[in-house]
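Working notes, beginning with the structure itself.
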Amino acid sequence: MLRLAQTLEAQLRAAMERAFPAAAAEAQAAGRALDPQLAPASKPEFGDFQANGALPLAKPLGLPPRQIAAAIVAELAAEPALAELCLEPVIAGPGFINLTVRPERLAAELAARLADPRLGVPSVADPGRVIVDFSSPNIAKEMHVGHLRSTIIGDALARVLEFRGHRVLRLNHVGDWGTQFGMLITHLKQVAPEALETADAVDLGDLVAFYRQAKQRFDTDEPFQAASREEVVRLQGGNPLSLKAWGLLCDQSRREFQAIYDRLAIQINERGESFYNPELQAVVDDLSAAGLLVVDAGAGCVFLEGVSGKDGQPLPLIVQKSDGGFNYATTDLAAIRYRLAPQPAGDGAQRVIYVTDAGQASHFAGVFQVARRAGWIPAQASVEHVPFGLVQGDDGKKLKTRSGDTVRLKDLLDEAVERAGADLRRRLVEEDRLEAESFMAQVATTVGIAAVKYADLSTNRITNYQFSFDRMLALSGNTAPYLLYAVVRIAGIARKGGDLEGDVASLRFGEPQEWALVRELLKLDVVIAEVEQELLPNRLCGYLFELCQVFNRFYDQVPVLKAPPEARGSRLALCRLTAATLKLGLGLLGIPTLERM
RNA sequence: GGGGCUGUAGCUCAGCCGGAUAGAGCGACGGUUUCCUAAACCGUAGGUCGUGGGUUCGAGUCCCGCCAGCCCCGCCA
């Protein structure tokens, strides 16, 4: 529908310009064109598209809007190309022009979709390097729900961008550098030295406990604090023993992270904060050379423009601590500089997307501003913070376990799978079905993980979202199980003798449920383009949900296998394209589908 | 004190560039199974879009004020 809409828009604009040449000339003089304001019809009874462009012209032209609409429609009538696409335009309400695409055009579009492995979604003409920075857990800490959101959303956005043909670099900016390692290594030297010399001497759970102890000592024990700072200096200076210990700790955490990524089917390349260590001094030097660096209270600062702090004073971004050390702002600046720098010295990215929680919005605004002022962001490049809200429990507060601890990602996924399995077993008993253990395990895993992912992706990421196993695993509503079930229904039709790969040369539709499904299927390209632009996966979820509802209505009211011969092929084609669309759409969300469940 | 985000049906949420009578789902209530998995479908009830102004032919959407919740604000990330 994307190309169709573009064609219609061009024809409408031309008609407006012919009908009101003076207004068109005036608009052009002001550097714009008349806008037909073409949009999808707000209700099915209005047709496929509505053009609202007549209304804003009413005042400048001093004419009633319906009269303006009539003039535009009269010009459209003189254009045979439009009549080939649409039925007679209808003027409605205060002056909307409603357009209904000719059924034979819709059927032709549908046939083209069926023949296209990309289902009508075009690839970008000039693929650029796009970096998606997501997940980014911290070494020696458990992954938690905050990382889950970043991981799931980042992966989905990367998948959409990849599908559109961009060259995507998925980066895991893990927290593997900095003060916390001084603490941890110093503490381990005293209580568990074997962990610093032998792989696998401790597991991540132990490491997390050690980290907690180390943090506590750091906050209360001054000699320990001093020893930790010395250890950081040794590490950052490249001391072999410190580096070895650091490497072991990272390996330990890395294995745990990888286990999670494997379960979630996430591809990501680790490039942690330590990667930028050699660049940090140069970053500060560059800022100094650019005249941006100010030493204030011993710390190296860049004062931000347009942002004031507590007493109306300008707010600094601290890039070098008073002890000479660097912090996360320095690392983020080094990263942005490297990512946007041309190859081979950098990544040569044209677009960098940071998927982190909304709480970091002002941090990134500061980093972006400094990078821009330092001249590190080329004119044609863009950097975007893609923020997301908190994961909350049923109480509306940050999600915690009953004992008040952070929820471990592993436990959360386990519980989702376990609940999905319990649901399945209950249904099997109710329906008197007998299935193999392997089947049940496969379904439980797929449904459980899908439910967690979909729940996260289906709400607008900017708002906080309430985590609820009951809601995400519900079999109806805007949930993964509901969508997966629609795919299963179609697979059932194929299994019972429907040849989904059959001939689609002559598609014929009669029932309103068929046309509703045709129209819904044709929206895919528009939705994908929107997600790429707005970076909002929930738009795709909303579309897939709507598609399933339309399909289920069709399935309920229109027989497929028992359809009369002349309708059967067309209905099977609808089923095939619906399944393909759902598989593609869910695939872009990182969710695999099932044949039976 | 400054800044950001949020506030829409009992609950969880959509709502695109400002467009027609504000939409889903859940829950509630009432229906539908000789038929491809009823994990479905159909219907009913449910709204002062936090609040007060403003801009506009038209505001849930844009602007200003206020209220409430969450988050950030010099050497953690």
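Chain letters run A, B, ... following the sequence lines, proteins first, then strands; residues in each count from 1.
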For [N] and [X] - does any side-chain N or O of the residue sit under 4.0 Å from the phosphate oxygens OP1/OP2?
X	N	answer
A/K321	B/C76	yes
A/S42	B/C16	no
A/R426	B/A39	no
A/K562	B/C35	no
A/N327	B/C75	no
A/Y482	B/A38	no
A/N538	B/G15	yes
A/S476	B/C26	yes
A/N460	B/G15	yes

Taking the six-membered ring for Trp, are [X] and [Y] ring centroids under 6.0 Å apart?
X	Y	answer
A/F96	A/F46	no
A/H363	A/Y328	yes
A/Y211	A/F218	no

Donor-acceptor side-chain pairing of A/N52 and A/Q50 below 3.5 angstrom: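 Short answer, yes.
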Which whole-number value in Å describes the distance from [X] [atom1] to [N] [atom2]?
X	N	atom1	atom2	value
A/R471	B/G27	CZ	C1'	11 Å
A/N552	B/A39	CG	C1'	10 Å
A/E9	B/C17	CD	P	14 Å

Counting any heavy atom closer than 4.0 Å, what does [X] reach on the DNA or RNA strands: base, sugar-phosphate only, or nothing?
X	result
A/A297	base
A/P316	base
A/L38	base
A/G542	nothing
A/A92	base
A/R539	sugar-phosphate
A/V294	nothing
A/G175	nothing
A/D296	base
A/E530	base
A/N52	base
A/K43	sugar-phosphate
A/F46	base
A/A299	base

Side chain A/Q213, main chain A/H187, donor-acceptor under 3.5 Å: no
Expected output: side-chain A/H147 to main-chain A/H144 donor-acceptor under 3.5 Å: yes
Under-3.5 Å donor-acceptor pair between A/S322 side chain and B/C75 base: yes
B/A77 base / A/D176 side chain donor-acceptor hit below 3.5 Å: no
Using the side-chain heavy atoms of [X], tell me which of these nucleotides is nearest: [options].
X	options	answer
A/F545	B/G25, B/A77, B/C41	B/G25
A/N98	B/G74, B/A39, B/A20	B/A20
A/T463	B/A39, B/U6, B/G19	B/U6
A/P56	B/A77, B/C57, B/C70	B/C57

Identified side chain to side chain contact (heavy atoms under 4.5 Å, CB included) counterpart of A/Y465 within the set A/D456, A/N460, A/L390: A/D456
Heavy atoms from other residues, nucleotides or ligands near CD of A/E435 exceed 12 (cutoff 6.0 Å): yes
Interatomic spacing from CG in A/L535 to NE2 in A/H385 - rounded to 0.5 Å: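 If I round to the nearest 0.5 Å, the distance is 12.0 Å.
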Under 3.5 Å on both distances, the Watson-Crick or G-U partner of B/U12: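 Its partner is B/A24.
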Dump the pairs, protein N or O against N or O of nucleotides 42-45 of chain B, anything under 3.5 Å, distances to one decimal.
unit_1 : atom_1 : unit_2 : atom_2 : d
B/C42  : OP1    : A/R553 : NE     : 2.6

